[in-house]
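Working notes, beginning with the structure itself.
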Amino acid sequence: MHAPPTAPGTAPRSAPRRHRRSRALGFAALAVSLLMAVPTAQTAFGEESQKAQAAVPGGGDLGPNVHVFDPSTPDIQGKVDEIFTKQESAQFGLDRYALLFKPGTYDNINAQIGFYTSIAGLGLNPNDTTFNGDVTVDAGWFDGNATQNFWRSAENLTLNPVSGTNRWAVSQAAPFRRMHVKGGLNLAPDGYGWASGGYIADSKIDGEVGPYSQQQWYTRDSSVGGWGNGVWNMTFSGVEGAPANSFPEPPYTTLDTTPISREKPFLYLDGADYKVFVPEKRENARGVSWANGTPAGESIPLDQFYVVKEGADAATINAAVEQGLHLLFTPGVYHVDETITIDRPDTVALGIGLATIIPDNGVTAIKVGDVSGVKLAGLLVDAGPGNSETLIEVGPENASADHSANPTSLQDVFVRIGGAGPGKATTSIVVNSDDTIIDHTWVWRADHGEGWGWETNRADYGVRVNGDDVLATGLFVEHFNKYDVEWYGERGRTIFFQNEKAYDAPNQEAIQNGDTKGYAAYRVDDSVEEHEGWGMGSYCFYNVDPTIVQGHGFKAPVKPGVKFHSLIVVSLGGQGQYEHVINEVGSPTSGTDTIPSQVVNFP
């Protein structure tokens, strides 16, 4: 499904932050940043800002790639089928679509969802928009193999499946959010071929979820009527009806609650007016946020958003943010020749229809200031051919403000390097701000498509966390030339991690890390005193040189405050091997079969 590692000491790297936060200083810094970040137009930005505000209007239509339906719309099935036919196998195509359904009941619908297609209800509650039918993902286009069913989504709908069970056979970057399935949910393709998912959040499945061939899955803050089985790593947090913790047999890792969560912002209709609902942060959440009707949060009218459409440039996007607008990226592909900079607290930057940002000339695509409450959601950042040192930065280097009351969040924010064409980036995502929530991200150095190869889509590091108290829920990071994840901040937590080491490493020498065989998939720096992880897996498939040995999947300091629960490494088909799971702990994988090796707890 995905990609590589490299020779040691060759990549330029910014020095990791070593601060240990003072809360008092954090509050002071936050107060200063708020004063600086929310100036009046007259005093801070002057007449130029007033002109820019007039030049970038808020609101407007949603553009040609958004299709809005109501129950009286003629031939809904025909339009949905037309888009699916175009998108079913368009894995690296340029078209993007959002299918939005107004509140009401829709009969005899089977919405098959292909690449770069999002389907969503426009109610404030999933039960406002009901299909007597299905929202389907299958893998007929790929001979029954669902391991490449990426980049699509379903949100905010209620389904009464025709057969009693809805099929959602997906792998990475295919979230199932705020859904109510009045029946079962099948996560495998027809014929039960391979699948490598996946993510469910804030959803209620009345019947049983059947993962069948799914290698791994993460479910958060939801309710299920039952769970059928597990292959390698099934992780649950805050899920009513989840199976009991039992890793490794069966491979269930279950947390009663999710320590901190905030659901993704979403577009909805209030009468005839479009608004974006921004849910509140939840602590120790369990079950769906909408069980009692209207969820807690804030509604923002669409006229407070710059509705970004294809052809928009970074200068206009930045001008909109400076004048106080939020951002709604409609389905499309956006080339930016300068960084999109968000320095205003509580700014929402929401993409629909897998809106895609490509940085040109090696710039960083998005930078967020050390401010509170920014929401990045529903965006795909696709590296350009000129190497970017970073693609997404949350907070500047040495950020120190306290954002615990109102964290910045990244939700369904995906990164791709290569696959659609040549792309390079030294580090994909750098998180410097404290308290950030990373909720479902797939950071992928391509292992197939166009423009990939050990040096062609060179990308040494996937995610680097320098901030303290950062929480990752649903962290998918794959195929980087060196470390996939590096963690330098204190009190970091990860609930569910899925990784594959780079397939295309040419030989053992290419991945050698000093005296260590290979770079760990997930490395906690030796300076860290406190860190914790649950339900974490790394897999290798060194098909170019199957003799490659990976010393371990995970590396962490042995300290009382550093803890891991339910770790697994897997050699896929015996193509390469792991010597250990974490550090020097855990038995090796061996042989020519797909062999897992598990460590339930470390230390």
Side-chain angles (χ1 to χ4, degrees), residues 1-4 65 80-99 111-119 135-154 167-176 187-191 193-199 214-215 310 331-334 351-358 378-385 412-423 428 440-453 456-457 459 476-479 498 500 502-504 541 543:
M1 294 157 293
H2 320 64
N65 301 326
V80 170
D81 288 347
E82 174 190 332
I83 292 172
F84 175 68
T85 298
K86 292 178 64 177
Q87 299 303 109
E88 180 183 13
S89 59
Q91 182 172 179
F92 298 109
L94 297 177
D95 291 334
R96 306 285 187 270
Y97 295 99
L99 310 177
Q112 298 186 80
I113 305 300
F115 286 100
Y116 311 110
T117 305
S118 295
I119 188 169
V135 171
T136 301
V137 177
D138 207 341
W141 74 278
F142 201 45
D143 298 324
N145 180 341
T147 59
Q148 293 183 22
N149 280 352
F150 313 138
W151 303 307
R152 63 199 75 197
S153 66
R167 186 185 303 278
W168 185 254
V170 298
S171 288
Q172 290 81 7
F176 198 79
L187 302 179
D190 186 28
W194 294 342
S196 180
Y199 177 89
Q214 282 287 354
Q215 295 163 349
E310 283 191 299
V333 177
Y334 301 90
I352 58 176
L354 279 296
T356 302
I357 299 171
I358 301 177
L379 296 169
L380 168 61
V381 175
D382 202 351
D412 301 345
V413 173
F414 309 128
V415 169
R416 179 172 66 197
I417 301 158
S428 291
H440 189 223
T441 186
W442 185 38
V443 184
W444 183 60
R445 177 181 169 267
D447 66 335
H448 62 271
E450 301 293 333
W452 69 279
T456 303
N457 63 331
F476 299 72
V477 188
E478 299 189 297
H479 302 304
Q498 186 265 333
E500 290 176 0
Y503 289 0
D504 57 344
F541 185 69
N543 60 334

Problem set entry | Residues in side chain to side chain contact (heavy atoms under 4.5 Å, CB included) contact with Ala188, at least two apart in sequence or another chain | Asn186, Tyr192, Tyr212, Ser213
For this session: Provide the closest heavy-atom pair for Ala111 versus Val80 in the form atom of the first, atom of the second, distance.
Result: CA-CG1, 3.6 Å
Problem set entry | Pair Phe150 + Trp442: ring centers closer than 6.0 Å | yes
Exercise. Do the side chains of Pro175 and Tyr199 get nearer than 4.5 Å, heavy atoms only?
Worked result: yes
Exercise. Does the side chain to side chain contact (heavy atoms under 4.5 Å, CB included) test come out yes or no for Arg416 and Leu380, once each step is laid out?
Worked result: CA-CA 7 Å; Arg416 179 172 66 197; Leu380 168 61; 4.1 Å; yes
Problem set entry | Note, Phe84 side chain near Tyr97 side chain (heavy atom, < 4.5 Å) | no
Problem set entry | For Asp382 against Ala420, the heavy-atom pair lying closest together | OD2-CB, 3.8 Å
Seminar exercise, completed: Sorted by chain and residue number, the ring pair (Phe, Tyr, Trp, His ring centres under 6.0 Å) partners of Trp168 (sequence neighbours excluded) come out as Phe176
Exercise. Between Gln148 and Trp194, is any pair of side-chain heavy atoms under 4.5 Å apart?
Worked result: no
Problem set entry | Closest heavy-atom pair and its distance - Val333, Glu310 | N-OE2, 3.0 Å
Problem set entry | Exercise: identify the closest heavy-atom pair between Ser428 and Val443 | CB-CG1, 3.5 Å
For this session: Output all residues satisfying side chain to side chain donor-acceptor pair (under 3.5 Å) with Asn543, sequence neighbours left out; order by chain, then residue number.
Result: none
Problem set entry | Heavy-atom side-chain proximity of Asp190 to Arg167 below 4.5 angstrom | yes
For this session: Could you tell me which residues satisfy ring pair (Phe, Tyr, Trp, His ring centres under 6.0 Å) with Phe414, sequence neighbours excluded, listed by chain and number?
Result: His440
For this session: Look only at the side chain of Gln214 and the backbone of Ser171, and say whether a donor-acceptor pair between them is shorter than 3.5 Å.
Result: no
Exercise. Quick one: ring pair (Phe, Tyr, Trp, His ring centres under 6.0 Å) partners of Trp141, sequence neighbours excluded?
Worked result: Phe115
Seminar exercise, completed: Closest non-hydrogen contact found for Leu379 with Gly351 is CD2-CA, 3.8 Å
Exercise. Looking only at atom types and distance, does a side-chain atom of Asn457 sit under 3.5 Å from a main-chain N or O of Ile417, one as donor and one as acceptor?
Worked result: yes
Seminar exercise, completed: For Asp412, the salt bridge (charged side-chain N to carboxylate O under 4.0 Å, His left out) test, sequence neighbours excluded, returns Arg177, Lys264
For this session: Apply the test side chain to side chain contact (heavy atoms under 4.5 Å, CB included) to residues Gln87 and Arg152: give CA-CA distance (whole Å), side-chain angles for both, the deciding distance (0.1 Å), then the verdict.
Result: CA-CA 10 Å; Gln87 299 303 109; Arg152 63 199 75 197; over 6 Å; no
For this session: Could you list the residues that satisfy side chain to side chain donor-acceptor pair (under 3.5 Å) with Asn145, not counting sequence neighbours?
Result: Thr147
Problem set entry | Distance-minimising heavy-atom pair for Ala355 and Tyr334 | CB-CE1, 4.2 Å
For this session: Evaluate the side chain to side chain contact (heavy atoms under 4.5 Å, CB included) criterion for residues Gln91 and Phe142: first the C-alpha distance (whole Å), next the side-chain angles of each, then the deciding distance (0.1 Å), finally the verdict.
Result: CA-CA 11 Å; Gln91 182 172 179; Phe142 201 45; over 6 Å; no
Exercise. Which pairs, with at least one residue in residues 82-96 and sequence neighbours excluded, count as a salt bridge (Lys or Arg N to Asp or Glu O under 4.0 Å)?
Worked result: Lys79-Glu82, Lys86-Asp95
Seminar exercise, completed: Taken in chain and number order and not counting sequence neighbours, the residues that satisfy side chain to side chain contact (heavy atoms under 4.5 Å, CB included) with Ser118 are Ser153, Leu354
Exercise. Can you tell me how far CD1 of Ile119 sits from CG of Leu99, rounded to the nearest 0.5 angstrom?
Worked result: 5.5 Å
